[in-house]
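A quick write-up on the structure given underneath.
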There are 2 protein chains.
Amino acid sequence: MTMMKEYTCEYALSAALCNAQGELAPAQLVEDILEVATEHADALGVGFDRLAEDGNLWVLSRIAIEMNRYPRLHERYALTTWIEDYNRHFSERNFEITSADAGETLGYARTIWVAINIDTRRPADLTSIEHLRGTVSDRPCPIRRQGKIRPVAEPQIRNTYTFRVSDIDVNRHVNSARYVEIILNQLGLEEYDRCMLARFEIEYRREAHYGDTVDIESTLDSDGIITALTLAGSPVCLSRSALTPRIKQGD
Amino acid sequence: MTMMKEYTCEYALSAALCNAQGELAPAQLVEDILEVATEHADALGVGFDRLAEDGNLWVLSRIAIEMNRYPRLHERYALTTWIEDYNRHFSERNFEITSADAGETLGYARTIWVAINIDTRRPADLTSIEHLRGTVSDRPCPIRRQGKIRPVAEPQIRNTYTFRVSDIDVNRHVNSARYVEIILNQLGLEEYDRCMLARFEIEYRREAHYGDTVDIESTLDSDGIITALTLAGSPVCLSRSALTPRIKQGD
């Protein structure tokens, strides 16, 4: 088996995948991250199929993204992924996002994946894929690790959302990228015109399903925007975002 | 300039793009259709950039899709597009969707594109790209043309939806594929588990924007499911869907 420590995918940002700012939408970046992670894990023989042999499943636990800028309309960009750490219960997988033509670094992402048993949903033991240790790379990822996200106190923005057919993925849960959209929808178009999402963290706590109605509550403090998506009071996911003003060229 | 009468793109259906039935979601198929159409038009020198030189813009007016089955998880599939007809005001562009490995025909789509003036939003004259006539293909598209969609009388399913940040595209309008999701969300997960969307038609009437709240009303009759998305009583888009029961292998 090839022990390819790094894996790269290239994309071109078509108009259909652009957001209102003419950039790669953060939720689409999360979809790309999931795709590249899956392909690299498959290439290393530690993908969903291999874990399923042991009755286990990879579950995405956390993402942190930090961007200098997002790929723009028609820009070719690349995601390179590598494993920073691995132990019996989880793996840390990082990403660098670059502009494919210039090689400019656009940003980085960190993800944490845990393995759970398909039936019991309890943490699984990854000892059987111990060879993964040989693929750990010392390539640096110069962004902060995800921190613990505090609960939302005295929310300033409140919404509810009921999950529909288009929100559900092949595992019959809500699509991981869809949570990101719902969280970012707490702010308006004007905010994203004026500011760029510089850092975004999400912690997935439990799975939501078709027909579930969640509360989405956000609070703005010195630390950024904290958002909690809760189902009957219990957290489905927690997120922290930091926005920075967009500086016009020439300013 | 190459006068490539047909243009083909290949895709692989990753888990992230699958719907709850483990198939290519119809809205994702619409995104693929838009992407392939845009790329072919660019290759023919009649894309958005060329029309912009005359102060014009392509606008998608209608889509009709008919599928025998949808691409499945991990299946490689291809879209081939060609122009069936062209005149001063619009072009008819068709698509065949095939399974890339077996070459099996999965379905067909018909689209109608009109050109409008960017400023006046009135129909534009396409005489300046008359060379497009040389690219008309006689490849057959064996599905019915889009018919006129009657308004919804006595709706049986009513919902409302307010467009958020994640629904808006680079032109600051609601994303064309997002309307398809909102329309298909009128039915539940169980309906799509039991039945497949065999035919889907959509007619785009006017543009909706960020913050607009639309009424979504559907009526079921012998002709299928008619859905109207209206903004203050005026139609944004109209749709007709036909579902067929899924036949299990071996039945």
Side-chain angles (χ1 to χ4, degrees), chain A residues 12-23 25-28 30-39 42 47-49 72-74 159 161-178 180-193 197 209-211, chain B residues 12-23 25-28 30-39 42 47-49 72-74 159 161-178 180-193 197 209-211:
Chain A
L13 186 57
S14 67
L17 295 181
C18 266
N19 62 11
Q21 288 77 37
E23 297 170 346
Q28 184 60 43
V30 167
E31 283 201 11
D32 293 345
I33 284 172
L34 292 172
E35 185 174 75
V36 175
T38 304
E39 288 184 13
D42 283 340
F48 283 95
D49 290 349
R72 299 183 185 118
L73 177 60
H74 297 145
N159 283 293
Y161 185 81
T162 302
F163 294 111
R164 315 298 296 260
V165 166
S166 63
D167 301 318
I168 307 302
D169 73 8
V170 64
N171 299 310
R172 315 288 283 192
H173 306 142
V174 172
N175 185 303
S176 307
R178 186 65 183 131
V180 177
E181 289 189 335
I182 291 170
I183 289 165
L184 297 180
N185 281 344
Q186 291 283 89
L187 296 185
L189 204 52
E190 273 186 24
E191 276 88 12
Y192 294 107
D193 285 342
L197 184 67
H209 300 88
Y210 175 75
Chain B
L13 186 56
S14 67
L17 295 181
C18 266
N19 62 11
Q21 289 76 39
E23 297 171 345
Q28 183 61 43
V30 167
E31 282 200 12
D32 293 345
I33 285 171
L34 292 172
E35 184 173 77
V36 176
T38 303
E39 288 184 14
D42 282 340
F48 283 94
D49 289 349
R72 298 182 187 121
L73 178 60
H74 298 144
N159 283 292
Y161 185 81
T162 302
F163 294 110
R164 314 298 296 262
V165 166
S166 64
D167 303 319
I168 307 302
D169 72 9
V170 65
N171 299 309
R172 316 287 285 191
H173 305 140
V174 172
N175 185 304
S176 306
R178 186 65 184 131
V180 176
E181 289 189 336
I182 291 170
I183 289 166
L184 297 179
N185 281 346
Q186 291 283 89
L187 296 184
L189 205 52
E190 275 187 23
E191 275 88 13
Y192 294 108
D193 285 342
L197 184 67
H209 300 87
Y210 174 75

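Below, chains carry the letters A, B, ... as their sequence lines are ordered, and counting in each starts from 1.
Every residue two or more places apart in sequence or in another chain that forms a side-chain contact (heavy atoms from CB on, under 4.5 Å) with B/Glu35 is listed here: A/Ser14, B/Tyr11, B/Glu39. Under the rule for a salt bridge (charged side-chain N to carboxylate O under 4.0 Å, His left out), the partners of B/Glu181 that lie at least two apart in sequence or sit in another chain are B/Arg178. B/Thr38 pairs by the side chain to side chain donor-acceptor pair (under 3.5 Å) definition with nothing, not counting sequence neighbours.
With a threshold of 4.5 angstrom between heavy atoms, A/Asp32 does not approach chain B through any atom at all. Contact annotation for A/Ala20: both backbone and side-chain heavy atoms come within less than 4.5 Å of a heavy atom of chain B. For chain B, the nearby part of A/Leu187 is the backbone; its heavy atoms alone come within less than 4.5 Å. Only the side chain of A/Asn159 has a heavy atom closer than 4.5 Å to any heavy atom of chain B. With a 4.5 Å cut-off on non-hydrogen atoms, B/Asn185 touches chain A through its backbone and its side chain both. If you measure heavy-atom distances from B/Asp42 to chain A, you find no contacts under 4.5 Å at all.
Among the candidates A/Gly188, A/Ala16, A/Ala25, A/Gly211, the residue making the largest number of heavy-atom pairs closer than 4.5 Å to chain B is A/Gly188.
Listed by sequence position, A/Arg164, A/Val165, A/Ser166, A/Ile168, A/Asp169, A/Val170, A/Arg172 are the residues of residues 163-173 of chain A in contact with chain B, using a 4.5 angstrom heavy-atom cutoff.
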